[in-house]
K.L.:
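Just passing along the structure, written as C-alpha cells.
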There are 2 protein chains.
Amino acid sequence: MTTESPTYSRGQLARSTGVKGETIRYYEQCGLLAAPGRTAGGHRMYTDDHKRQLNFIRRCRELGFAISEITGLLDLAQTDEKTCEQVRQATAAHLVDVQAKIKDLRAMERTLKDLIGQCDANSTAGCPIIDILLFQSH
Amino acid sequence: MTTESPTYSRGQLARSTGVKGETIRYYEQCGLLAAPGRTAGGHRMYTDDHKRQLNFIRRCRELGFAISEITGLLDLAQTDEKTCEQVRQATAAHLVDVQAKIKDLRAMERTLKDLIGQCDANSTAGCPIIDILLFQSH
DNA sequence: TATAAAACCTGTAGCCACTACAGGTTCAGG
DNA sequence: CCTGAACCTGTAGTGGCTACAGGTTTTATA
C-alpha cells in the first residue's frame, strides 16, 4: 500500500511556481534543478521535491543571487554540518554586492536629476544635458 | 599652412578616456562611435572629435544609458531643433528606470538583512535562511 | 639600419540568464 | 480515433562587453 506521490508536467510546474517552462528546462540544463523522471514518451515528470527546489531557486533569484551562488546554497542545504555559518556568509557577501549596486544607482539618480534640473532652468540655445555630457571636464 | 589636427592611436585614445581599447572597437562595430580614418598600414587614427564623442559615450554609460539610448542621444545632439525637450524626456525616462532598479534592490536588501538577522538569532539546529527559502509559503 | 617588442589588425567565441524559435513527438479531451 | 495543446531537442539571439588566436604594423632601442 505505497501512496504514489503526485507528479507534474513542466507546464503544471511552471504555473504552480511562476517560473517559465523554458526557464525550468534551462535550470535543469545548467545543473541547478535536479533532472526529473520521464514518462514512457519522454516527457518530464516533476515531484513535490522538484517544486520545493524550484521555489527555493525562484526566491533566491528574486533576491538577486547568481545561478552559481544558488548552486552553492543548494549544496550547503544538502550537507548538515557547519552549514548555517557558510550560508550566513554567502548571504552577507551578496548583501554587500546589492548595497554596492544601490550606491552606484543612487549616484546615477542624483546626476540624472541634476541634468534634468539644468534642463528645466534652461534659457539659452542648445541643450544643457548634451552640452554638459559633451564638454564637462571631469 | 594648414594646422594639422592631432591624431591618436586606439591605445592612446583608450588611455586618455578610460575606455578599454577592445571596447572602443566594439563601439565602432555597433555604430556608436564614428569610424576613424586609417594609416597606410590600416591602424585607426582618432581625432579630438572622436575623443569628445567617446567621452560623451563613457559618461552616458556611467549613467546607465543603454547603447541604443546613447545612439539616440547622439543623433539628437546632431540635430538642432526641438532637441532639448527630447533629450530631457529621454533622460527623465531613464531616471524612472534607474529609480525602479533602486526600488527592487532595496527590497532585496531588506529581505537579505532580515534573513541574516534570523540567522544571528538562531539557536535551533538547521539553518534558518535555508529553511525560510525552502519552506516559506508566499 | 636592423631587430625586437609592443601595439595594432580581423574575426570569432565566451560570459550571464534567459528567451525564442524550428521542426518534430506525445499526450489529453471529446 | 482524432485534433490540438503541450511537450521534446537543439540552436541562435539578447546586451555589453572581454578574451582569445594568428597575423601585420609601428615604434623604440642597439
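Everything numeric here is computed off the predicted structure, so don't read it as measured data. Sequence lines set the chain letters: A, B, ... in the order given, protein chains first and strands last, and positions in each chain run from 1.
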K.L.:
Could you give the CD-to-P distance, from A:E69 to C:dC16, as a whole number of Å?
P.N.:
11 Å

K.L.:
5'-most contact on DNA chain C: B:Q29 or B:R10, nearest heavy atom basis?
P.N.:
B:R10

K.L.:
So what does B:R61 hit on the nucleic acid, given a heavy-atom distance under 4.0 Å: a base, only sugar-phosphate, or nothing?
P.N.:
sugar-phosphate

K.L.:
Does OP1 or OP2 of C:dT19 have a side-chain N or O of A:T23 closer than 4.0 Å?
P.N.:
yes

K.L.:
Please find the pair of heavy atoms, one from B:T17 and one from B:R58, that lie closest to each other, and give the distance.
P.N.:
O-NE, 2.9 Å

K.L.:
Expressed as a whole number of angstroms, how long is the span from A:K20:NZ to C:dC21:P?
P.N.:
12 Å

K.L.:
Mapping B:H43 and B:E22 to their closest nucleotides on DNA chain C, which lands nearer the 5' end?
P.N.:
B:H43

K.L.:
So how far is it from B:L32 CG to B:Y27 OH, rounded to the nearest 0.5 Å?
P.N.:
7.0 Å

K.L.:
By nearest atom, which of the nucleotides D:dT9, C:dC27, C:dC9 is closest to the A:T39 side chain?
P.N.:
C:dC27

K.L.:
Within the structure, does a side-chain N or O atom of B:R44 lie under 4.0 Å from either OP1 or OP2 of C:dC9?
P.N.:
yes

K.L.:
Expressed as a whole number of angstroms, how long is the span from B:L13:CG to C:dA7:P?
P.N.:
15 Å

K.L.:
From the list D:dC17, C:dC21, C:dT19, which nucleotide is the closest neighbour of the side chain of A:Y26?
P.N.:
C:dT19

K.L.:
Using a strict threshold of under 4.0 Å (side-chain N to carboxylate O), is an ion pair present between A:D49 and A:R52?
P.N.:
yes

K.L.:
Looking at every strand, decide which applies to A:F65 at a 4.0 Å heavy-atom threshold: base, sugar-phosphate, or nothing.
P.N.:
nothing

K.L.:
For B:A66 and B:A40, take the nucleotide of DNA chain D holding the closest heavy atom to each; which residue's nucleotide lies nearer the 5' end?
P.N.:
B:A66

K.L.:
Nearest whole angstrom, please: distance from the C1' of D:dC8 to the CE of A:M45.
P.N.:
15 Å

K.L.:
Quick one: A:I57 CD1 to C:dA17 P, roughly how many Å, whole number?
P.N.:
12 Å

K.L.:
For B:G41 and B:I67, take the nucleotide of DNA chain D holding the closest heavy atom to each; which residue's nucleotide lies nearer the 5' end?
P.N.:
B:I67

K.L.:
Measure from CZ on B:R15 to P on C:dA6 and round the result to the nearest Å.
P.N.:
13 Å

K.L.:
Would you tell me if any nitrogen or oxygen in the side chain of B:S9 comes within less than 4.0 Å of OP1 or OP2 on C:dC8?
P.N.:
yes

K.L.:
Is there a donor and acceptor pair, one atom on the side chain of B:Q12 and one on the base of C:dC8, closer than 3.5 Å?
P.N.:
no

K.L.:
Please determine whether a side-chain nitrogen or oxygen atom of A:R58 lies at a distance below 4.0 Å from atom OP1 or OP2 of C:dC18.
P.N.:
no

K.L.:
Check whether any side-chain nitrogen or oxygen of A:R38 sits under 4.0 Å from OP1 or OP2 of D:dT9, and answer yes or no.
P.N.:
yes

K.L.:
In whole angstroms, how far is the C1' atom of C:dC8 from the OH atom of B:Y46?
P.N.:
11 Å

K.L.:
Could you check how far OH of A:Y8 sits from P of C:dA28, rounded to whole Å?
P.N.:
15 Å

K.L.:
For C:dC18 and A:Y27 - does any side-chain N or O of the residue sit under 4.0 Å from the phosphate oxygens OP1/OP2?
P.N.:
yes

K.L.:
Select base, sugar-phosphate, or nothing to describe what A:R25 touches, counting heavy atoms under 4.0 Å on all strands.
P.N.:
base

K.L.:
Out of curiosity, does B:V19 fall in the hydrophobic cluster containing B:M45 (side-chain heavy atoms, cut-off under 4.5 Å, transitive links)?
P.N.:
no

K.L.:
May I ask you to say whether A:E62 pairs ionically with A:R59, meaning some side-chain N is under 4.0 Å from a carboxylate O?
P.N.:
no

K.L.:
Under the side chain to side chain donor-acceptor pair (under 3.5 Å) rule, what do A:T47 and A:H50 come out as? Steps first, then yes or no, please.
P.N.:
CA-CA 5 Å; A:T47 65; A:H50 292 102; 3.1 Å; yes

